[in-house]
Amino acid sequence: MDKIKILVVDDESRMRKLVKDFLEREGFEVLEAGDGMEAMEIFYEEKEIALIILDVMMPKMDGWQVCREVRQSSKVPIIMLTARSEERDELQGFDLGIDEYISKPFSPKILVARVEAVLRRTHGIDASSVMDAGGIEIDKSAHMVKIDGKEIDLSFKEFELLTYFVENQGIALSREKILNNVWNYDYFGDARTIDTHVKKLRNKLGDKGNYIKTIWGMGYKFEVE
């Protein structure tokens, strides 16, 4: 499955990297532009950009100008980032055909949620529905997992645990964090619940069970070799 392309336009490289890291972790392909003119060059060169995340205040060509030019030829969804949350700005944005408005500073998780909501609304894309990691394919909407194209049988909690690992690839996860996110409650006591599920999950994944690394004294990390 081809990755969904998102163009991130912001003159702050730190902000672009933050947004890019979070979106790539969710399986998107991210293109970057540091100003409006560079954004338009990429926009005209690249095919199938599904969404633009656009900062208002930029040198050479600001977000409003970029939006006007894009709207002359395309209805691609645009999420506007702004440091100012004035109503006047928002109204101007919606008049120009902006789909969403997010004020800085923002939570990257909120941004990802908005991106997925806009894509569902505008393209009918469930952006987070299918994930692939080293031959493990997870279809969240169908609640199905395939290993190298062959479906495997997982319990509900094993499925949730695997999904959480894949969504947080390369990140060391403590047992407490896993419990809070997969079991949805604060857990006091031993961590045998997780260890038991991880053991069963590794067995069902076969060779790919090795992707789940044990971090002694802390928890686990999912890493594709």
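Ile136 contributes atom CD1, which lies 4.5 Å from atom CD1 of Ile147 (distance to the nearest 0.5 angstrom). Here the CD atom belonging to Glu38 is positioned 10.0 Å from the CE atom belonging to Met58, to the nearest 0.5 angstrom. Taking CD of Glu116 as the start and CZ of Phe28 as the end, the distance is 5.0 Å to the nearest 0.5 Å. The CD1 atom of Ile49 lies 9.5 Å from the CD atom of Glu29; values are rounded to the nearest 0.5 Å. Separation of atoms OG (Ser74) and OH (Tyr44) is listed at 9.5 Å; rounding is to 0.5 Å. The structure places CG of Leu7 at 8.0 Å from CG of Leu54, a figure rounded to the nearest 0.5 Å.
Of all heavy-atom pairs between Leu154 and Lys204, the closest is CD2-CD, 3.5 Å. Nearest heavy-atom pair, Val118 versus Glu100, reported as atom, atom and distance to 0.1 Å: CG2-CG, 3.3 Å. Minimum heavy-atom separation, Gly134 to Val224: CA-CG1, 3.7 Å. Among all heavy-atom pairs drawn from Leu201 and Ile212, the shortest one is CD2-CD1, 3.8 Å. Among all heavy-atom pairs drawn from Gly36 and Val66, the shortest one is CA-CG2, 3.4 Å. Listed here is the closest heavy atom pair of Ala172 and Ile215: CB-CD1, 3.5 Å.
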Exercise. Run the numbers on Glu167 and Arg25 for salt bridge (Lys or Arg N to Asp or Glu O under 4.0 Å), then give the verdict.
Key: CA-CA 7 Å; Glu167 286 175 341; Arg25 200 179 294 165; over 6 Å; no
Practice problem: Apply the test side chain to side chain contact (heavy atoms under 4.5 Å, CB included) to residues Glu223 and Gln169: give CA-CA distance (whole Å), side-chain angles for both, the deciding distance (0.1 Å), then the verdict. | Solution: CA-CA 6 Å; Glu223 209 162 37; Gln169 284 184 65; over 6 Å; no
Practice problem: Determine, stepwise, if the pair Ile152 / Leu205 fulfils side chain to side chain contact (heavy atoms under 4.5 Å, CB included). | Solution: CA-CA 8 Å; Ile152 62 167; Leu205 294 176; 3.9 Å; yes
Practice problem: Begin with the C-alpha distance, continue with both residues' side-chain angles, and end with the deciding distance and a verdict on side chain to side chain contact (heavy atoms under 4.5 Å, CB included) for Ile53 and Val9. | Solution: CA-CA 6 Å; Ile53 296 173; Val9 190; over 6 Å; no
Quiz item: Are Ile52 and Ile79 close enough, and set up right, to give a side chain to side chain contact (heavy atoms under 4.5 Å, CB included), and what steps lead you there?
Solution: CA-CA 6 Å; Ile52 299 173; Ile79 294 178; over 6 Å; no
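Partner of Asp99 under the salt bridge (charged side-chain N to carboxylate O under 4.0 Å, His left out) criterion, out of Arg114, Arg71, Lys75: Arg71 alone.
Inter-residue side-chain proximity for Thr214 and Arg202 is flagged as met; some heavy-atom pair is nearer than 4.5 Å. Contact check for Glu26 versus Met131: no side-chain heavy atoms found under the 4.5 Å cut-off. Counting heavy atoms from C-beta outward, Met61 and Asp35 have side chains that stay 4.5 Å or more apart. Between Val19 and Pro108 there is no side-chain heavy-atom pair separated by less than 4.5 Å. For the pair Met144/Glu151, a side-chain contact is recorded, criterion being any heavy-atom separation below 4.5 Å from C-beta on. Residues Phe159 and Val145 meet the side-chain proximity criterion, which asks for heavy atoms closer than 4.5 Å. Between Met40 and Val70 there is a side-chain heavy-atom pair separated by less than 4.5 Å. With a 4.5 Å cut-off on side-chain heavy atoms, Arg14 and Leu18 do not count as touching.
Checked by atom type and distance alone, the side chain of Arg16 pairs as donor or acceptor with a backbone atom of Asp10 at under 3.5 Å. With hydrogens and angles disregarded, a donor-acceptor distance shorter than 3.5 Å links the side chain of Glu158 to the backbone of Ser155. Panel note: side chain Glu69, backbone Gln65; no donor-acceptor pair is recorded below 3.5 Å.
Within 6.0 Å of CE in Met37 there are 12 or fewer heavy atoms belonging to other residues, nucleotides or ligands. Annotation: Lys208, atom NZ; neighbour count of heavy atoms from other residues, nucleotides and ligands within 6.0 Å is above 12. Residue Asn203 places its CG atom among more than 12 non-hydrogen atoms of other residues, nucleotides or ligands, all under 6.0 Å distant.
Asp195 and Tyr220 form a side-chain donor-acceptor contact under 3.5 Å, judged by distance and modelled atom types alone.
Counting only residues at least two apart or on different chains, the side chain to side chain donor-acceptor pair (under 3.5 Å) pairs with a member in residues 50-62 are Asp55-Lys104.
Linking ILVMFWY side-chain heavy atoms closer than 4.5 Å, directly or via other members, places Ile194 and Met218 in two distinct hydrophobic clusters.
By the 30° and 60° cut-offs, the orientation of the rings of Phe222 relative to Phe165 is parallel.
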